[in-house]
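Because only heavy atoms are used, hydrogens play no part in the values below, and waters and symmetry mates are left out as well, while side chains stay in. Quantities reported herein were computed from a predicted structural model and do not represent experimental measurements. Per chain, numbering begins at 1; letters A, B, ... match sequence-line order.
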There are 2 protein chains.
Amino acid sequence: MHTAWLTEDEENTWRAFRRLLIALPARLSRDLARDSGLSPADYEVLSTLSEKPNRRWALKDLAAKMEWSRSRLSHHAARMQARGLVGKEPDPQDARGCILHLTDDGFRVLDDAAPHHVVSVRARFLDHLSPDELALLRTLSTRIADLPD
Amino acid sequence: MHTAWLTEDEENTWRAFRRLLIALPARLSRDLARDSGLSPADYEVLSTLSEKPNRRWALKDLAAKMEWSRSRLSHHAARMQARGLVGKEPDPQDARGCILHLTDDGFRVLDDAAPHHVVSVRARFLDHLSPDELALLRTLSTRIADLPD
DNA sequence: ATAAGGTCGGTGACATGTCATCGAATGCGT
DNA sequence: ACGCATTCGATGACATGTCACCGACCTTAT
């Protein structure tokens with residue numbers, strides 16, 4: 001059964017983990033901005049777009065893949081389009097929809113950004129985990145992230 | 001030495017952990033808003049304020065304790081003051097500073113919110129970790145969060 | 001064929017956080 | 001005592017994300 005409070009172990013773990021939840025994304029975000037002038041959201045859009053061979057996604061499919069709302073992606077893609085990182089075309093299959101694609105510029109920016117980002121993820125995270133820890137963290141993350149919303 | 005890419009294990013762990021970094025805070029935030037009408041930031045301000053016996057902190061000290069910028073706390077405290085959750089007074093020791101305190105209302109709101117929040121943290125996180133996992137996650141979180149910025 | 005209901009992307013209002021900057025106040029070195 | 005760098009909180013401009021909602025379009029049942 002559960003109580004209304006946490007044990008000391010739980011409390012300390014939760015505190016430590018909460019610090020990690022704040023600090024790690026903040027550090028990666030700063031590295032990314034410094035190295036490549038991208039926000040984490042920009043990077044995720046670019047790298048997800050690049051996953052498809054033709055670098056094209058219907059907005060709704062990209063939003064679903066990234067687990068973003070369509071509204072959020074619509075706003076963000078508009079900003080990235082203004083910067084020339086992505087392009088937008090009408091969907092020939094569905095006149096309501098639109099197709100997003102990586103521009104050459106967007107691809108170049110991603111291509112330059114990726115190696116720096118990998119270095120950053122290593123330096124601020126992966127390098128500090130043993131293989132055992134890596135494995136455990138993976139099962140644990142999957143288990144909790146997969147819980148119903 | 002490092003390569004410019006990730007191994008498959010690293011890649012999968014990083015993906016899974018990144019999902020957790022997004023999903024867990026989002027779920028806790030939704031629970032908190034639904035149960036108590038508070039944002040996570042609100043809750044953190046209220047609960048940190050309540051840690052001192054007299055429920056008073058100089059703004060700069062509270063900001064340092066929470067690892068927030070003074071600007072952020074200034075903005076946020078202004079919004080919370082408008083809702084009657086916190087109060088603000090001049091600091092008699094330092095005419096530049098100000099002292100924040102929990103109002104009775106703020107204390108009541110926190111008092112109502114806390115047990116629900118604990119239930120939420122359990123349901124969405126702690127209950128799904130074994131004691132071993134809890135311990136490992138704590139050392140690992142501390143290790144990584146404590147890295148230099 | 002058509003009406004009803006769902007899905008699509010876009011939009012405006014708003015909440016929150018960052019950054020650069022300000023004026024006021026402090027305190028340290030001389 | 002004085003002068004200058006620093007610290008304090010506030011503020012405005014801006015970036016980003018949420019939410020509610022819109023019109024346009026598609027699909028399904030009748």
Side-chain angles (χ1 to χ4, degrees), chain A residues 21-23 25-34 36-46 56-83 85-101 149, chain B residues 21-23 25-34 36-46 56-83 85-101 149:
Chain A
L21 283 179
I22 304 293
R27 290 165 191 174
L28 295 173
S29 174
R30 273 213 329 250
D31 290 349
L32 203 49
R34 175 175 43 69
S36 316
L38 296 173
S39 68
D42 296 334
Y43 187 88
E44 196 183 339
V45 170
L46 294 179
R56 285 165 189 282
W57 289 74
L59 188 149
K60 80 180 173 79
D61 294 331
L62 186 60
K65 168 75 172 176
M66 297 168 54
E67 305 185 82
W68 283 19
S69 69
R70 292 195 311 271
S71 164
R72 178 182 178 184
L73 183 53
S74 175
H75 277 303
H76 205 93
R79 292 185 296 252
M80 295 181 71
Q81 187 180 27
R83 290 194 284 155
L85 297 173
V86 303
K88 195 178 303 189
E89 309 155 45
D91 183 341
Q93 310 301 307
D94 183 337
R96 293 167 303 179
C98 79
I99 306 287
L100 298 176
H101 62 94
D149 253 335
Chain B
L21 283 179
I22 305 292
R27 291 167 190 171
L28 294 174
S29 173
R30 272 214 330 253
D31 290 349
L32 203 48
R34 176 175 43 70
S36 316
L38 296 174
S39 68
D42 296 334
Y43 187 87
E44 196 183 340
V45 169
L46 293 179
R56 286 166 187 280
W57 289 73
L59 187 150
K60 79 178 173 80
D61 295 332
L62 186 61
K65 168 74 173 177
M66 295 168 52
E67 305 184 82
W68 283 18
S69 69
R70 292 195 309 272
S71 163
R72 179 182 178 185
L73 183 53
S74 175
H75 277 304
H76 205 93
R79 291 186 295 253
M80 294 181 73
Q81 186 180 28
R83 291 196 283 155
L85 297 174
V86 303
K88 195 178 301 188
E89 309 155 45
D91 183 342
Q93 311 300 307
D94 183 336
R96 292 168 304 180
C98 78
I99 306 288
L100 297 176
H101 63 93
D149 253 332

Check your understanding: Who pairs with A/Ser29 by side-chain contact (heavy atoms from CB on, under 4.5 Å), at least two apart in sequence or on another chain?
Key -> A/Pro40
Practice item. Please examine the side chains of B/Leu100 and B/Val45, heavy atoms only from C-beta on, and report whether any two atoms are closer than 4.5 Å. Key: no
Revision key, fill the gap. Contacts of A/Asp94 meeting side chain to side chain donor-acceptor pair (under 3.5 Å) (sequence neighbours excluded), chain-then-number -> A/Arg96
Revision key, fill the gap. Sorted by chain and residue number, the side chain to side chain donor-acceptor pair (under 3.5 Å) partners of B/Arg70 (sequence neighbours excluded) come out as none
Practice item. Please list, chain by chain and in numerical order, all residues satisfying side-chain contact (heavy atoms from CB on, under 4.5 Å) with A/Glu44, sequence neighbours excluded. Key: A/Thr48, A/Met66, A/Trp68, B/Arg18
**Study point:** Base-contact (B) and sugar-phosphate-only (S) positions in nucleotides 19-27 of chain C, heavy-atom cut-off under 4.0 Å, - elsewhere
**Key:** B----BBS-
Exercise for review: Can you tell me the distance, in whole Å, between the CD1 atom of A/Ile99 and the C1' atom of C/dG10?
Suggested key: 16 Å
Name the atoms and distances for all side-chain donor-acceptor pairs under 3.5 Å in residues 74-82 of chain A, with sequence neighbours left out.
residue, atom, partner, partner atom, Å
A/His76, ND1, A/Arg79, NH2, 3.0
A/His76, NE2, A/Asp42, OD1, 2.6

Check your understanding: Residues in side-chain contact (heavy atoms from CB on, under 4.5 Å) with B/Arg56, at least two apart?
Key -> B/Asn54, B/Glu89, B/Ile99, B/His101
Point to revise | For A/Lys65, all residues meeting salt bridge (charged side-chain N to carboxylate O under 4.0 Å, His left out), sequence neighbours excluded | key: A/Glu51
Review point. Between A/Glu89 (CD) and C/dG9 (P), how many Å, whole number?
Key: 14 Å
Point to revise | Leading and trailing nucleotides of DNA chain D with any atom under 4.0 Å from heavy atoms of chain A | key: D/dT16 to D/dC26
Review point. Rounded to whole angstroms, how far apart are NZ on A/Lys88 and C1' on C/dG10?
Key: 8 Å
Exercise for review: Respond yes when some side-chain nitrogen or oxygen of A/Ser74 is under 4.0 Å from OP1 or OP2 of C/dG10, and no when none is.
Suggested key: yes
Point to revise | Pairwise 5' ranking along DNA chain C for A/Lys60 and B/Ser69, keeping only the more 5' one | key: A/Lys60
Exercise for review: For A/Ala78, answer base if it contacts any base atom (sugar-phosphate contacts may also be present), sugar-phosphate if it contacts only those atoms, and nothing otherwise; contact means non-hydrogen atoms under 4.0 Å.
Suggested key: nothing
Review point. Taking CH2 from A/Trp57 and C1' from C/dC8, how many angstroms apart are they, rounded to a whole number?
Key: 17 Å
